[in-house]
Every structure is written in C-alpha cells, then in structure tokens.
J.: 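Okay, handing you the structure first.
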Amino acid sequence: MKHVRSPQDLALRGAPPAFARTLHVGRPNVGDEEAFMRQVREMFDRRWLTNNGPLVQEFERAVAAYHGVRHCVAMCNGTIALEIAIRALALSGDVLVPSYTFIATAHALSWQGIRPVFVDIDPSTHNLSPDAVRRMITPRTTGIIGVHLWGRPAPVDALQAIADEHSLALMFDSAHAFGCSAAGRRIGGFGRCEVLSFHATKVFNTFEGGAVLTDDDGLAETLRLMRNFGFAGFDDVIHHGTNGKLPEINAAMGLVNLRSLPTFVAANRERYHAYENALRGTEGIHLLRHHVADDPNYHYVVVEVDASMRDKVVAVLHAENVLARKYFWPGCHRMKPYRESHPDAAAALPATEAVADRVIVLPTGPSMSIEDVETVASLLAFAVRHHDAF
Ligand code: T4K
C-alpha cells in the first residue's frame with residue numbers, strides 16, 4: 001500500500017510522517033491573486049476603505065444574484081451577522097438550535113441574553129430532527145435556528161411548517177452552505193433570513209466576513225442600519241446598532257473568489273469522489289453521503305468511525321501530518337459555558353452525543369492532489385484496522 005507503513009513505522013513511534021507538509025481541514029481557497037491586487041490598488045487610489053464602499057456594494061449585488069435573493073447585507077464575519085440577524089428578528093427568551101454545530105451558533109444567542117435550547121439531530125444527516133424540534137417547544141420559545149451542517153440542507157420544509165404552526169421565527173445558519181442547493185432550490189432564500197460565513201477556512205472566503213441573505217425588504221433595511229450603528233445619515237441615528245461593516249479589501253477578495261468558486265467546488269467534488277472510491281467497502285468507516293437531489297459544495301469530507309477508536313485514529317492521522325478534525329466535538333452543550341448553564345441538556349441529545357464521538361473531518365480542496373486523497377484514505381483505513389495496536 002502506497003505511503004502506508006506498519007504500525008511500528010508510523011510517526012507515532014518515531015518514523016517521519018507520510019506527508020512532508022501538513023494537510024489542513026480548511027486550507028484557504030484563493031482565486032486570481034493578480035486580479036485581487038489590481039482591485040486593491042484601485043481601492044487605494046479611491047481612498048475608500050470601508051463603510052459601504054463601491055466594492056462592498058458590487059459584492060453584495062453579486063452574492064445576492066448568485067443566491068437568487070433580493071438582499072445580501074455583508075458583514076465583518078459570520079458570528080456578527082448571526083448576532084445582528086437574531087436581533088433584527090427580535091428573538092428573545094428561548095431559541096431552538098442544534099448542539100451539534102460550531103459554537104458561534106449558540107454564542108450568537110447567549111451573547112445577547114437569549115437562551116439557546118439544544119435540540120437533537122437526525123444521526124443519518126447530522127441536521128436538526130424535526131420531531132426533536134417539536135418536543136422542545138415551550139411558551140418561552142420565540143424562534144428556531146436551523147444549521148445546514150457540512151453544507152447538507154437542513155429539513156427546510158419541515159422546519160418552516162413547525163415555525164408556521166407555532167408562530168416562531170425561523171432563520172438559518174448557512175455558514176457551511178455557500179453554493180449548495182436543497183432539491184433544486186438554492187440555499188439562501190429559506191426562513192426569514194440565512195446567514196453566511198466567509199471565513200478563510202470556508203469554501204468561499206473574504207479572509208473574514210459574513211452576510212445575511214433575505215427576500216424581506218424591511219428586514220434588510222433594519223440589518224443595514226444595525227451594522228452601521230443605526231446611522232441613517234451623517235448625524236442621524238435612528239436605530240440601535242453596532243459595527244458589523246465589511247471592509248473594502250474583504251469585498252475585493254470576495255469578488256475575485258466568486259469567479260473561481262466553480263473551480264473550487266469542482267476540485268472538492270473530485271476529491272470527495274476519490275475518497276468515496278478509496279473508502280468503498282472499507283469496514284468500520286462510514287462516509288457521510290449527500291442526498292442525490294442536493295447539489296453540495298463538497299467542502300467537508302465527513303467520516304464516522306466507532307467512538308471507541310476515534311481519538312486514536314485522529315492521533316495517527318495527526319502523526320502523519322494529516323490534521324483531521326473532530327468537528328464538532330464535544331457538542332455545544334458540553335462546552336464549559338453551556339455545561340454550566342445547561343447541566344441536564346445531554347439527556348435530550350442522544351444522537352448528538354453519539355455522532356460527536358464518531359466524526360472525523362478529513363482535509364480536501366484544490367491544494368491536495370488526488371494521490372494525497374488516496375494516501376489519506378489508506379492511512380485512515382490502516383489506522384482503523386490497527387487501532388488496537390496504538
Ligand atoms: N456557524 C457555523 C456553523 C460555523 O461553522 C461558523 C464558523 C460560524 C457560524 C461563524 O462564522 P465566522 O464568525 O467564523 O465567520 C474554524 C473557523 O474559525 C470558523 O470560521 C468555522 N466556522 C469553524 C468550522 O472552523 P477553527 O478554530 O477550527 O479554525 P482555524 O483557524 O484553526 O483553521 C482551521 C485550519 O485551517 C487550521 O488547521 C489551519 C488552516 N488555516 C486556517 C486559517 C485561518 C490555514 O491554512 N490558513 C488560514 O488562514 O475554527
């Protein structure tokens with residue numbers, strides 16, 4: 001087997017790792033660097049660096065058109081975009097969220113005095129379970145935040161039906177889902193609004209950045225006011241607000257990367273299928289598959305192994321310079337702030353607990369060759385087969 005050695009040879013026991021350079025989950029995708037530099041030079045000539053400059057406006061139009069929505073309100077990162085969207089929707093009391101998500105989804109609520117109520121997932125999709133959502137609704141509930149985890153669409157229709165039935169606001173954390181579709185419908189137009197992240201590690205990045213997408217004109221207007229301290233003119237503050245503005249240089253990166261997005265997604269797709277082929281039939285490794293009707297960005301390659309071996313397998317991969325990640329272990333409800341405020345949450349989250357103990361996210365993207373993918377898959381299979389030896 002190419003590059004894969006016996007347990008005695010593995011780096012854990014002192015041998016050099018399989019990869020001379022580290023393979024990261026989330027290595028940034030960068031489009032045409034020269035085009036970016038040209039945009040930056042023009043930006044300096046204009047001396048317009050932030051606050052709704054021409055690049056931000058062009059970027060917002062492009063992202064809105066790409067997602068087929070009326071409004072894209074760009075922000076400085078996805079977390080601030082979540083916070084501002086939550087406030088603009090006037091959520092309060094309790095809001096239902098998955099625990100199996102990045103911590104920002106929960107923090108965006110608790111940061112503003114709203115209690116995240118952690119809801120279990122469907123273990124086959126890693127997304128919110130509509131039945132579990134129904135069970136957790138109380139008179140204190142004001143909203144639901146669905147997460148399209150790994151770019152797999154959340155159960156958008158079922159969540160909307162529940163929200164309508166109980167008069168709850170529904171929004172989505174779509175940080176992973178740039179360019180994804182749910183059965184032919186592009187992510188971006190579901191619920192009252194959807195929130196994107198353009199962090200460096202995402203399929204589409206602006207260094208840091210985020211946005212709220214919505215078809216609601218009134219909501220978009222409120223979001224725009226809130227991201228700029230509530231200013232309606234030079235001297236006129238008509239709304240509470242904060243500083244959520246996206247600088248021009250980030251928008252320049254976004255405009256350049258948007259042109260290369262099809263290339264990034266094609267590279268991800270090819271690597272996903274290479275993993276699929278290499279791991280087909282391998283006992284003890286389950287690759288999370290996409291629904292045939294969806295059109296994913298393939299940015300996260302997610303496998304599950306038995307919980308008893310997961311950490312050992314990750315340690316072997318790390319020793320081989322494959323920086324696989326245990327996203328999103330241990331689940332938000334087990335992170336210190338929520339462990340303290342939600343001591344009994346685990347009882348309602350059996351699928352979350354099981355999945356969080358099983359998942360490994362593998363590196364992918366244009367910076368890896370197909371041969372790299374095959375080597376990582378071989379190492380993974382090897383580590384699973386021999387986990388008892390470590
Ligand atoms: N909702 C969800 C569901 C999210 O996943 C996120 C963010 C958000 C909301 C909030 O959006 P933002 O406020 O971030 O826009 C990361 C990211 O910081 C975070 O953006 C992301 N989700 C989360 C899934 O992952 P870390 O701590 O794992 O990332 P970091 O900085 O360690 O980078 C991961 C790997 O990427 C590293 O091993 C090295 C590599 N890397 C990273 C950077 C920044 C590079 O090679 N180059 C780089 O420039 O949290």
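Each ligand, and each atom within it, is numbered from 1 in the order the structure gives. If you're wondering where the values come from, they're calculated on a predicted model, not measured in any experiment.
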J.: Starting from the N and O atoms of ligand 1, collect every protein N/O partner closer than 3.5 Å and put each pair on its own line with the distance to 0.1 Å.
T.:
residue  : atom   : partner : partner atom : Å
ligand 1 : 1 (N)  : Asp173  : OD1          : 3.2
ligand 1 : 1 (N)  : Asp173  : OD2          : 2.6
ligand 1 : 5 (O)  : His176  : NE2          : 2.7
ligand 1 : 11 (O) : Ser197  : OG           : 3.3
ligand 1 : 13 (O) : Gly78   : N            : 3.4
ligand 1 : 13 (O) : Thr79   : N            : 2.9
ligand 1 : 13 (O) : Thr79   : OG1          : 2.6
ligand 1 : 15 (O) : Gly78   : N            : 2.9
ligand 1 : 15 (O) : Ser197  : OG           : 2.7
ligand 1 : 20 (O) : His199  : ND1          : 3.2
ligand 1 : 20 (O) : Lys202  : NZ           : 3.3
ligand 1 : 22 (N) : Lys202  : NZ           : 2.7
ligand 1 : 25 (O) : Tyr327  : OH           : 3.4
ligand 1 : 28 (O) : Arg325  : NH1          : 3.1
ligand 1 : 28 (O) : Arg325  : NH2          : 2.9
ligand 1 : 28 (O) : Tyr327  : OH           : 2.5
ligand 1 : 36 (O) : Val25   : O            : 3.2
ligand 1 : 36 (O) : Gly26   : O            : 3.4
ligand 1 : 38 (O) : His24   : ND1          : 2.9

J.: Got a salt bridge between Glu60 and Arg227, using NZ or NE/NH1/NH2 to carboxylate O under 4.0 Å?
T.: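 Salt bridge between Glu60 and Arg227, a charged N being under 4.0 Å from a carboxylate O: yes.
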J.: Establish whether Leu287 and Val302 are linked, either directly or via other cluster members, by ILVMFWY side-chain heavy-atom contacts under 4.5 Å.
T.: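 Leu287 and Val302: separate clusters.
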J.: Donor-acceptor check, side chain of Asp295 to backbone of Cys180, threshold 3.5 angstrom: yes or no?
T.: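 Between the backbone of Cys180 and the side chain of Asp295 there is no qualifying donor-acceptor contact (under 3.5 Å).
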J.: Which heavy-atom pair separates Glu320 from Ala18 by the least distance, and what is that distance?
T.: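 Distance-wise, the nearest heavy atoms are OE1-N, 2.7 Å.
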J.: Which residues pass the side-chain contact (heavy atoms from CB on, under 4.5 Å) test with Gln57, sequence neighbours left out?
T.: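 Gln57: side-chain contact (heavy atoms from CB on, under 4.5 Å) contacts with Asn52, Arg61.
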J.: Would you mind checking if Lys336 and Glu340 are paired as a salt bridge, meaning a charged N to carboxylate O distance below 4.0 Å?
T.: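 Judged by the 4.0 Å cut-off on N to carboxylate O distance, Glu340 and Lys336 do form a salt bridge.
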